[in-house]
Amino acid sequence: MGKIKILLFYKFIDMKDTEGFREEHQVFCNELGIKGKILVASEGINGSISGTKEQTEKYKEEMRKKKEFSDIVFKEEEGLGHPFEKIVVRTRDYIINIGKDVDMKNKGKYIKPSELVKLYESGEDFVIVDGRNNYESDIGKFKGAITPNIETFREFTKVVEQLKGFENKKIVTYCTGGIRCEKASAMLVENGFNNVYQLEGGILTFCQNFPDTFWEGSCFVFDNRLVSKVGQKSQ
């Protein structure tokens with residue numbers, strides 16, 4: 001078997017018939033022969049899939065034919081084999097659960113990896129906050145990051161309390177692929193933080209473009225892989 005392509009993606013969007021979409025999407029994925037896990041909720045879609053180059057290209061093509069997903073962003077990696085055993089499409093209350101309802105219209109502004117590098121290099125005063133769980137930040141984090149002691153993302157409300165006093169500081173949130181820091185940034189904005197950003201594309205995109213800079217350690221990915229600071233994968 002040749003190299004396997006791995007796609008990570010999400011999009012917050014108002015989904016109406018989630019069960020109907022789930023059933024249709026499960027059939028499509030089965031016929032395509034990809035593997036992975038895809039969550040569907042009224043707030044959008046969140047997925048990680050793997051397949052051959054031809055299969056993953058077809059998946060992207062078909063998804064982007066849908067008006068609501070025409071601009072969906074796929075983060076792409078390569079592996080020597082499938083990190084997943086089968087394809088599962090499930091409905092959930094949330095595609096990512098932060099423990100309370102959050103209005104995603106309040107999400108923070110995007111900051112590109114190149115802009116984060118400039119922040120570090122310029123010496124500008126900013127606060128960088130890890131939106132992941134403690135076992136993830138234990139093996140890797142951004143230089144100088146605040147790494148909350150939380151075991152699940154649903155505990156992020158504790159982080160809001162931890163950041164009291166930083167309401168007017170520039171705050172940059174980050175996570176593995178971007179989805180958690182989208183919600184985290186929205187929660188911070190709703191709680192009175194005035195200058196909130198989120199790292200566009202997450203750690204994975206940053207490490208692919210700026211290895212050996214301001215990321216320290218490895219990055220845990222939820223398909224049993226580790227991504228090192230230089231973008232190398234271990235199965």
Side-chain angles (χ1 to χ4, degrees), residues 4-79 82-84 87-98 102-115 131 153 173-186 197-209 219 221-223 225 227:
I4 291 295
K5 298 284 286 186
I6 301 162
L7 305 181
L8 291 83
F9 58 93
Y10 70 89
K11 186 171 185 183
F12 286 101
I13 187 172
D14 186 19
M15 299 274 283
K16 299 298 184 185
D17 182 13
T18 55
E19 182 56 32
F21 179 90
R22 185 205 68 77
E23 292 177 359
E24 179 182 291
H25 207 64
Q26 180 75 63
V27 170
F28 165 63
C29 292
N30 288 345
E31 292 176 346
L32 191 56
I34 59 173
K35 298 182 180 182
K37 181 179 181 180
I38 299 169
L39 300 181
V40 181
S42 59
E43 66 176 4
I45 189 170
N46 178 21
S48 301
I49 65 165
S50 61
T52 64
K53 180 179 179 180
E54 291 74 19
Q55 289 170 324
T56 53
E57 287 298 317
K58 182 65 174 178
Y59 183 86
K60 291 190 293 182
E61 177 187 340
E62 292 301 314
M63 282 290 282
R64 287 173 172 156
K65 283 181 181 179
K66 303 177 188 295
K67 183 179 179 180
E68 64 270 34
F69 298 122
S70 60
D71 60 349
I72 194 168
V73 175
F74 293 93
K75 292 172 227 17
E76 302 186 31
E77 301 173 43
E78 285 189 348
H82 283 284
F84 311 103
I87 181 68
V88 177
V89 185
R90 292 181 175 142
T91 55
R92 287 287 188 267
D93 292 333
Y94 304 95
I95 55 173
I96 189 72
N97 188 356
I98 200 170
V102 174
D103 187 347
M104 293 307 298
K105 293 178 182 177
N106 293 323
K107 66 184 182 181
K109 301 176 283 289
Y110 287 120
I111 182 170
K112 295 182 181 299
S114 60
E115 294 172 322
F153 189 53
T173 63
Y174 71 88
C175 58
T176 306
I179 185 170
R180 281 180 284 182
C181 50
E182 291 238 11
K183 270 206 172 174
S185 70
Y197 292 79
Q198 54 177 303
L199 179 60
E200 187 172 13
I203 300 162
L204 298 180
T205 299
F206 184 93
C207 288
Q208 287 175 346
N209 290 279
C219 177
V221 185
F222 288 90
D223 52 30
R225 291 175 300 136
V227 180

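Everything numeric in this text was worked out from a predicted model, so none of it was measured. Note that these values count all heavy atoms, side chains included, but never hydrogens, waters or copies made by symmetry.
- Under a 3.5 Å cut-off, the side chain of R64 and the backbone N or O of I72 do form a donor-acceptor pair.
- Not counting sequence neighbours, Y110 has no partner by the ring pair (Phe, Tyr, Trp, His ring centres under 6.0 Å) test.
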Derivation and outcome, side chain to side chain contact (heavy atoms under 4.5 Å, CB included), residues I95 and V40: CA-CA 6 Å; I95 55 173; V40 181; 6.0 Å; no
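- Going from atom SG of C175 over to atom CD1 of I96 covers 8.0 Å, rounded to the nearest 0.5 Å.
- Every residue two or more places apart in sequence or in another chain was checked for a ring pair (Phe, Tyr, Trp, His ring centres under 6.0 Å) with Y94, and none qualifies.
- When all heavy atoms of A186 and V102 are compared, the pair lying nearest together is CB-CG1, 3.3 Å.
- Interatomic distance, I87 CD1 to H82 NE2, rounded to the nearest 0.5 Å: 10.5 Å.
- Of the inter-residue distances, the one linking K5 atom NZ with E77 atom CD reads 9.5 Å to the nearest 0.5 angstrom.
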Intermediate values then yes/no, side chain to side chain contact (heavy atoms under 4.5 Å, CB included), Y10 and K75: CA-CA 10 Å; Y10 70 89; K75 292 172 227 17; 4.1 Å; yes
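- Minimum interatomic distance between K58 and L32 (heavy atoms only, all atoms of both residues): CG-CD1, 3.6 Å.
- For E19, the salt bridge (charged side-chain N to carboxylate O under 4.0 Å, His left out) partners two or more places apart in sequence, or in a different chain, are R22.
- For K35, there are no salt bridge (charged side-chain N to carboxylate O under 4.0 Å, His left out) partners at least two apart in sequence or on another chain.
- Separation of atoms OH (Y174) and OG (S185) is listed at 15.0 Å; rounding is to 0.5 Å.
- For E68, there are no salt bridge (charged side-chain N to carboxylate O under 4.0 Å, His left out) partners, not counting sequence neighbours.
- Closest heavy-atom contact between I49 and F84: C-CE1, 3.8 Å.
- Taking every heavy atom of both residues into account, R92 and A41 meet most closely at O-CB, 3.1 Å.
- From F74, atom CZ reaches atom CG of L7 across 6.5 Å, with rounding to the nearest 0.5 Å.
- To the nearest 0.5 Å, the span separating CD on Q55 from SG on C29 amounts to 10.5 Å.
- For residues 37-57, the salt bridge (Lys or Arg N to Asp or Glu O under 4.0 Å) pairs, not counting sequence neighbours, are E43-K183, E57-K60.
- The side chain to side chain contact (heavy atoms under 4.5 Å, CB included) search around V88 returns K86, R90, not counting sequence neighbours.
- Side-chain atoms of F12 and I179, non-hydrogen and from C-beta on, do get closer than 4.5 Å to each other.
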Test log, rule side chain to side chain contact (heavy atoms under 4.5 Å, CB included), inputs S48 and I6: CA-CA 7 Å; S48 301; I6 301 162; 5.7 Å; no
Let me have the donor-acceptor pairs involving side chains of residues 197-206, under 3.5 Å, with sequence neighbours excluded, atom names and distances please.
| residue | atom | partner | partner atom | Å |
| --- | --- | --- | --- | --- |
| Q198 | NE2 | G108 | O | 2.9 |
| E200 | OE1 | K112 | NZ | 3.3 |
| T205 | OG1 | G201 | O | 3.0 |

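- By the 30° and 60° cut-offs, the orientation of the rings of H25 relative to Y59 is perpendicular.
- With sequence neighbours left out, K105 forms a salt bridge (charged side-chain N to carboxylate O under 4.0 Å, His left out) with no residue at all.
- Residue pairs meeting the salt bridge (Lys or Arg N to Asp or Glu O under 4.0 Å) criterion with at least one member in residues 6-18, sequence neighbours excluded: K11-D71, D14-K16.
- Contact check for Q26 versus F21: no side-chain heavy atoms found under the 4.5 Å cut-off.
- The shortest side-chain heavy-atom distance between F9 and I38 falls under the 4.5 Å cut-off.
- Annotation for S42 and T18: closest pair N-CG2, 3.7 Å, computed over non-hydrogen atoms.
- Take D93 and apply the side chain to side chain contact (heavy atoms under 4.5 Å, CB included) test, not counting sequence neighbours, and it matches no residue.
- Looking at residues two or more places apart in sequence or on another chain, you find no side chain to side chain donor-acceptor pair (under 3.5 Å) involving T56.
- Residues I4 and T52 share a closest heavy-atom pair of CD1-N, 4.3 Å.
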